[in-house]
Chemist: 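I have a structure here, written as structure tokens, and I will follow up with some questions on it.
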Amino acid sequence: MASYRLMILFILLLKMASDFDAKPMVMLLGQYSTGKTTFIKHLLGTSYPGSHVGPEPTTDRFIVVMSGPDGRSIPGNTIAVQADKPFGALTRFGSAFLSKFECSQMPHPLLEHFTFVDTPGVLAGEKQRTQRSYDFTGVTSWFAAKCDLILLFFDPYKLDISDEFKRVIGSLRGHDDKIRVVLNKADQVDTQHLMRVYGALMWSLGKVLSTPEVTRVYIGSFNDKPINEAAFGSMGKELFEKEQEDLLVDLKDIPRKACDRRINEFVKRARAAKIHAYIISHLKKEMPAMMGKAKAQQRLIDNLEEEFAKVQKDYHLPVGDFPDIQHYKEVLSGYQIDRFEKLKPKMIQAVDDMLGYDIPDLLKKFQNPYD
């Protein structure tokens, strides 16, 4: 049981029935006043309960915008205990976070297909010296694992990536395929300035996104105001309209891909659980039978990278499937390794059979409800 709890802590989020029934989610991240809330209002064609827009930080909480029978806001403590909503695990972030979390419900055709997650503006400059009362990066990481698409918002005047924003982007590790970048309010500068802004943005992102692939960037002005043709002319207007169409196509594609993504996430969980079992079994075998257990455990934790390498070599496992070493060390230090269970080959074989036979058979019978 202890090893199972460790597995949940270090790599996996406990899945409930509500997670499989939930609609696909889109999370918006960025500094304050980059147009995140306005973007949601633009797509919905109206304000949602609890929305505020302004030049200074106005969205000071995580707001889940989802479909409901009537327009109302539900406090975080209430929504977190509703069994039919996939937010029960957020209680582990404490009351300080739940007081900064709410659910905004309203009837809308678009919300029948997916849910938006509006986030507080990431702090920059002197503001980031102020400590939040909850683990902002941890909450962001939790939502990133649940979401199907993550939009990083910038505008021509907010291209700097603060320390907090770096930590937030770092917490998205493992979800690179979900990330898209939105360069919003692009009609506020002329063509020459926009080219420089785009280059500076790509340079900044290249330092924090540790992927060789180029992240898709959408350029435009995503609000209800007419595009400023004085800066770009008719060609600029046509460019922004095409970019908006491409982004809308990306959004519309989310529900169709959501079922495939959930199966993909399930397979990732199974592979991660298998590697976790191998790691725990190996560490247990390295422990002495009687004396010096505390010193042996500390030695294993200090040299965890070497132990990972041994497991990878012994079982011919992909290096990329191994968990984050630092996080694993932190969680592992709270347990007694010698009390973990031994490896059960039958359970490993059951996982292999599932991945090799059951999942392919499931995909053959699979019918996507959004097609």
Side-chain angles (χ1 to χ4, degrees), residues 13-14 16 18-19 22-41 43-44 47-54 56-68 71-82 84-106 108 110-111 114-124 127-128 130-153 162 164-172 175 178-180 182 184 254:
L13 298 171
L14 186 62
M16 308 298 288
S18 56
D19 291 302
K23 294 180 176 64
M25 288 197 286
V26 180
M27 179 167 65
L28 288 70
L29 288 168
Q31 292 187 38
Y32 70 88
S33 194
T34 50
K36 300 185 298 296
T37 303
T38 301
F39 177 80
I40 297 175
K41 292 175 63 179
L43 292 182
L44 297 178
S47 299
Y48 60 83
S51 64
H52 301 283
V53 176
E56 281 301 306
T58 50
T59 303
D60 64 343
R61 60 195 61 224
F62 282 80
I63 302 178
V64 174
V65 186
M66 61 193 311
S67 178
R72 63 187 179 119
S73 293
I74 305 174
N77 281 286
T78 303
I79 199 69
V81 296
Q82 292 189 14
D84 61 333
K85 299 292 189 293
F87 307 114
L90 287 171
T91 54
R92 69 187 177 99
F93 294 104
S95 298
F97 165 70
L98 293 177
S99 65
K100 294 291 185 180
F101 173 56
E102 69 179 51
C103 174
S104 177
Q105 289 188 346
M106 62 182 292
H108 195 283
L110 192 61
L111 297 178
F114 47 77
T115 296
F116 291 103
V117 181
D118 197 4
T119 63
V122 177
L123 301 178
K127 293 185 179 69
Q128 65 184 319
T130 304
Q131 293 293 321
R132 297 184 191 267
S133 58
Y134 60 92
D135 183 6
F136 180 77
T137 304
V139 173
T140 302
S141 179
W142 186 92
F143 273 108
K146 297 275 186 180
C147 285
D148 295 82
L149 191 69
I150 302 167
L151 299 178
L152 300 181
F153 273 73
S162 64
E164 184 176 60
F165 208 176
K166 285 181 183 177
R167 291 193 296 271
V168 167
I169 294 175
S171 72
L172 306 180
H175 307 291
K178 303 178 184 179
I179 298 175
R180 306 289 187 275
V182 178
N184 199 15
I254 294 172

Chemist: Taking only residues two or more places apart in sequence or in another chain, which ones pass side chain to side chain donor-acceptor pair (under 3.5 Å) with Thr78?
Modeler: none
Chemist: According to ring pair (Phe, Tyr, Trp, His ring centres under 6.0 Å), who are the partners of Phe114, at least two apart in sequence or on a separate chain?
Modeler: Phe116
Chemist: Got a sec, which residues hit salt bridge (Lys or Arg N to Asp or Glu O under 4.0 Å) with Lys100, two or more places apart in sequence or on another chain?
Modeler: Asp60
Chemist: How close do Tyr134 and Pro120 get, counting heavy atoms only, and between which atoms?
Modeler: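 Residues Tyr134 and Pro120, closest heavy atoms: OH-CG, 3.9 Å.
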Chemist: Starting from the C-alpha separation in whole Å, work towards a yes-or-no answer on side chain to side chain donor-acceptor pair (under 3.5 Å) for Thr34 and Asn184.
Modeler: CA-CA 7 Å; Thr34 50; Asn184 199 15; over 6 Å; no
Chemist: Tell me every residue that passes side-chain contact (heavy atoms from CB on, under 4.5 Å) with Ser67, counting only those two or more places apart in sequence or in another chain.
Modeler: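 Partners of Ser67 by the side-chain contact (heavy atoms from CB on, under 4.5 Å) criterion, ordered by chain and then number, come out as Leu111, Glu112.
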Chemist: For residues Lys36 and Leu29, report the shortest heavy-atom separation together with the two atoms involved.
Modeler: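 Heavy-atom minimum between the residues: CD-C, 3.6 Å.
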Chemist: What residues form a side-chain contact (heavy atoms from CB on, under 4.5 Å) with Arg180, not counting sequence neighbours?
Modeler: Leu149, Leu151, Arg216, Tyr218, Asp250
Chemist: Using every non-hydrogen atom in the two residues, find where Trp142 and Ala89 come nearest and quote the distance to one decimal.
Modeler: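 Where Trp142 meets Ala89 most closely, the heavy atoms are NE1-CB, 3.6 Å.
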Chemist: Would you say the ring centroid of Phe136 lies under 6.0 angstrom from that of Phe62?
Modeler: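 Yes, the ring of Phe136 comes within the 6.0 Å limit of the ring of Phe62, centre to centre.
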Chemist: Check whether any side-chain N or O of Thr119 sits under 3.5 Å from a backbone N or O of Leu28 as a donor-acceptor pair, and report yes or no.
Modeler: yes
Chemist: Who passes side chain to side chain donor-acceptor pair (under 3.5 Å) against Thr91, sequence neighbours left out?
Modeler: none
Chemist: Please find the pair of heavy atoms, one from Ile74 and one from Gln82, that lie closest to each other, and give the distance.
Modeler: CG2-NE2, 4.2 Å
Chemist: For Val168, does its backbone N or O pair with a side-chain atom of Ser171 as donor and acceptor, under 3.5 Å?
Modeler: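 Confirmed, Ser171 side chain pairs with Val168 backbone.
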Chemist: Identify, with sequence neighbours excluded, every residue that meets ring pair (Phe, Tyr, Trp, His ring centres under 6.0 Å) alongside Phe101.
Modeler: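 For Phe101, the residues satisfying ring pair (Phe, Tyr, Trp, His ring centres under 6.0 Å) (neighbours in sequence not counted) are Phe87, Phe97.
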Chemist: Val65 pairs by side chain to side chain contact (heavy atoms under 4.5 Å, CB included) with which of Val26, Thr115, Leu44, Val117?
Modeler: Leu44
Chemist: Between Ser51 and Lys41, is any pair of side-chain heavy atoms under 4.5 Å apart?
Modeler: yes
Chemist: Residues in side-chain contact (heavy atoms from CB on, under 4.5 Å) with Glu102, at least two apart?
Modeler: Arg61, Ile63, Ser73
